[in-house]
Amino acid sequence: MRFAVVGAGALGGYFGALLQRAGHEVGYLVRSETLEVLRRDGLRVHGDTELHLPEVSCTDQADQIGPVDAVLLCVKAHHLDAVLPQLPSLVGPLTAVITTQNGIDAPRRVAEVVGEGAVLPGIVRIFAQLSARGVVDHRGGPGSIAFGEWTNRVTDRVIALREAFHDAGVTVVEPTDIWSELWQKYLFFAAFGLLGSLSAQPIGVIRTRPGLRELLSRAIAEVAAVGSAAGVSLPADAVPRSMAFAEVLPEGSTTSLQRDLLAGVPSELESILGALVRLAAVTGVPVPLHELGYETLAVRAANQD
């Protein structure tokens with residue numbers, strides 16, 4: 001299959017490298033700084049997965065790739081505005097655009113550009129980060145991907161894409177309700193991002209310090225309440241299931257939101273916490289922990305600019 005991977009950061013580098021190794025045609029759409037590095041050094045994955053691709057096809061112009069079978073959209077949510085105008089050059093009548101952004105609003109934003117019919121809302125579960133441009137450090141997590149049609153229909157293209165990822169060595173989750181799956185990840189990621197960013201501590205500390213552990217559970221419950229009020233069908237055990245996930249993560253795990261905020265660089269604060277606070281206001285669900293955390297972190301981020 002022909003893939004366009006938008007962004008060669010931790011996610012794009014990891015999944016794109018596995019797809020290329022499996023024999024798929026992969027073109028990377030990247031920024032000019034990354035383009036130079038990839039052309040010179042190729043792409044490397046270290047950690048739980050070891051892989052070096054000395055030659056990768058990459059460009060900073062989408063029309064040089066052209067329409068593909070699938071677009072794997074791997075930029076962070078706050079970089080979407082910069083890449084959305086290039087998506088139409090990659091999308092043909094049957095192209096699937098798989099969103100992987102943390103949060104809940106990326107599918108809608110992408111659909112405004114290419115239409116709901118082209119968008120497959122997606123979820124990845126992996127702990128990975130760049131140690132340098134073109135070098136992915138895979139630190140654990142399931143290394144999985146899940147996606148589905150906007151309407152949850154199981155179409156031929158969904159089946160073909162699931163097979164492609166599976167054959168590339170990626171764990172493929174096949175949810176019956178992609179929106180429920182998206183929110184189940186969001187429950188934990190938003191709450192962990194909130195507590196990790198405020199405390200500047202990894203999951204090992206948050207899950208073992210009684211006060212922080214209780215706050216994590218309450219924060220997850222806040223997100224679940226907003227999702228349910230918004231019409232998302234969440235399992236009855238969504239909160240304890242999220243807490244159980246916290247137990248199996250490497251103790252040093254942090255979220256990209258936490259790392260970016262602490263580093264003083266642009267972050268997903270608006271798409272992760274801001275989006276929840278705004279949706280909570282619309283649905284009338286109280287989210288005091290997230291309101292306090294969002295406002296505190298927003299002021300802190302503004303003062304770092």
With side-chain contact (heavy atoms from CB on, under 4.5 Å) as the criterion, how do L120 and L161 come out once you've worked through the C-alpha distance, each side chain's angles and the decisive distance to 0.1 Å?
CA-CA 11 Å; L120 302 188; L161 284 166; 3.8 Å; yes

Distance-only criterion, 3.5 Å: show the donor-acceptor pairs between side-chain atoms of residues 26-39 and protein atoms not counting sequence neighbours.
residue, atom, partner, partner atom, Å
Y28, OH, G16, O, 3.2
Y28, OH, A17, N, 3.3
T34, OG1, R133, NH1, 3.1

Under a 4.5 Å cut-off applied to non-hydrogen side-chain atoms, are S180 and P235 in contact?
yes

Short side-chain to backbone donor-acceptor contact, T100 and G122, under 3.5 Å:
no

d(L182 CG, I104 CD1) to nearest 0.5 Å is 7.5 Å

Are L292 and L279 joined in one hydrophobic group, where the rule is that I, L, V, M, F, W and Y side chains link up if heavy atoms are under 4.5 Å apart?
no

Heavy-atom side-chain proximity of Q258 to L198 below 4.5 angstrom
no

List the atom of V136, the atom of G9, and the distance in Å for their closest heavy-atom pair.
CG2-O, 3.8 Å

Would you give the length of the straight line joining atom CH2 of W179 to atom CD1 of I123, rounded to the nearest 0.5 angstrom?
9.5 Å

Can a donor-acceptor pair be found between the side chains of N102 and K185 at a distance below 3.5 Å?
yes

Quick one: do L187 and F245 satisfy side-chain contact (heavy atoms from CB on, under 4.5 Å)? Show the steps, please.
CA-CA 11 Å; L187 298 186; F245 180 65; over 6 Å; no

Checking side-chain contact (heavy atoms from CB on, under 4.5 Å) between L73 and each of V5, L80, L90, L11, which is the one that passes?
L80

Between L215 and L297, is there shared hydrophobic-cluster membership here, with clusters defined by ILVMFWY side-chain heavy atoms closer than 4.5 Å?
yes

Does any non-hydrogen side-chain atom of R300 lie less than 4.5 Å from one of L269?
no

Honestly curious: do V248 and F189 fall in one hydrophobic cluster under the side-chain, below-4.5 Å linking rule?
yes

With the side chain counted from C-beta on, respond yes when K76 and S256 share a heavy-atom pair under 4.5 Å apart, and no when they do not.
yes

Please say whether more than 12 non-hydrogen atoms of neighbouring residues, nucleotides or ligands are located less than 6.0 Å from CG in D156.
no

Would a distance-only check, ignoring hydrogens and angles, find a side-chain to backbone donor-acceptor pair under 3.5 Å from R259 to T254?
yes

Report yes if some heavy atom in the side chain of E222 is under 4.5 Å from a heavy atom in the side chain of P288; otherwise report no.
yes

Apply side-chain contact (heavy atoms from CB on, under 4.5 Å) to H290 and V223, showing your working.
CA-CA 9 Å; H290 285 85; V223 185; 3.6 Å; yes

Taken in chain and number order and not counting sequence neighbours, the residues that satisfy salt bridge (Lys or Arg N to Asp or Glu O under 4.0 Å) with E247 are R213

Main chain of Q129, side chain of Y14: is a donor-acceptor contact present, judged purely on distance under 3.5 Å?
no

Got a second to check how far R157's CZ is from E149's CD, nearest 0.5 Å?
4.0 Å

Heavy-atom closest contact (S197 atom, L262 atom, distance)
O-CD2, 4.4 Å

Would one find more than 12 heavy atoms of other residues, nucleotides or ligands at under 6.0 Å from atom CG of L94?
no

Show your working on side-chain contact (heavy atoms from CB on, under 4.5 Å) between Q101 and V75 and close with a plain yes or no.
CA-CA 7 Å; Q101 287 64 40; V75 297; 4.2 Å; yes

Ring pair (Phe, Tyr, Trp, His ring centres under 6.0 Å): which pairs involve residues 68-89, sequence neighbours left out?
none

Could you list the donor-acceptor pairs under 3.5 angstrom formed between side-chain atoms of residues 106-114 and any protein atom two or more places apart in sequence or on another chain?
residue, atom, partner, partner atom, Å
R108, NH1, E112, OE2, 2.9
R109, NH1, A77, O, 3.4
R109, NH2, D81, OD1, 2.7

Measure the spacing between CD1 of I206 and OG of S199 and express it to the nearest 0.5 Å.
4.0 Å

So which heavy atom on I178 is nearest to which on N152, and how close?
N-OD1, 2.8 Å

Using the rule given for side-chain hydrogen bond (donor to acceptor under 3.5 Å, both in side chains), can you reason through H46 versus E50, listing the C-alpha separation, both sets of side-chain angles and the distance that settles it, and then say yes or no?
CA-CA 5 Å; H46 292 309; E50 292 287 341; 2.9 Å; yes

So, for A82 and P85, which heavy atoms are closest and what is the spacing to 0.1 Å?
O-CD, 3.8 Å

Taking atom NE2 as the centre, does H166 end up with more than 12 heavy-atom neighbours from other residues, nucleotides or ligands that are less than 6.0 angstrom away?
no

Check the pair F15 / F3 against ring pair (Phe, Tyr, Trp, His ring centres under 6.0 Å), numbers first and verdict last.
CA-CA 11 Å; F15 289 107; F3 287 87; over 10 Å; no

Which pairs, with at least one residue in residues 191-212 and sequence neighbours excluded, count as a ring pair (Phe, Tyr, Trp, His ring centres under 6.0 Å)?
F188-F192

Output for pair (R218 CZ, L216 CG), nearest 0.5 Å, gives 11.5 Å

dist Y294:OH -> L273:CG (nearest 0.5 Å) comes out at 8.5 Å

Does W150 belong to the same Ile/Leu/Val/Met/Phe/Trp/Tyr cluster as V158, with side-chain heavy atoms less than 4.5 Å apart forming each link?
no

Ignoring hydrogens and angles, write down the donor-acceptor pairs under 3.5 Å from the side chains of residues 55-62, residues two or more places apart or on other chains.
residue, atom, partner, partner atom, Å
T59, OG1, Q61, N, 3.0
T59, OG1, Q64, OE1, 2.7

Do other residues, nucleotides or ligands put more than 12 heavy atoms under 6.0 Å from the CZ atom of R40?
yes

In terms of hydrophobic clustering (I, L, V, M, F, W, Y; side-chain heavy atoms under 4.5 Å; direct or indirect links), are L18 and V135 co-clustered?
no

Compare every heavy atom of A164 with every heavy atom of M1, then report the nearest pair and how far apart it is.
SD-CB, 3.8 Å

Could you report the tightest heavy-atom contact between R207 and L249, atom names first, then the distance?
NH1-O, 2.8 Å

Using a 4.5 Å cut-off on heavy atoms from C-beta on, say whether the side chain of V239 contacts that of S217.
yes

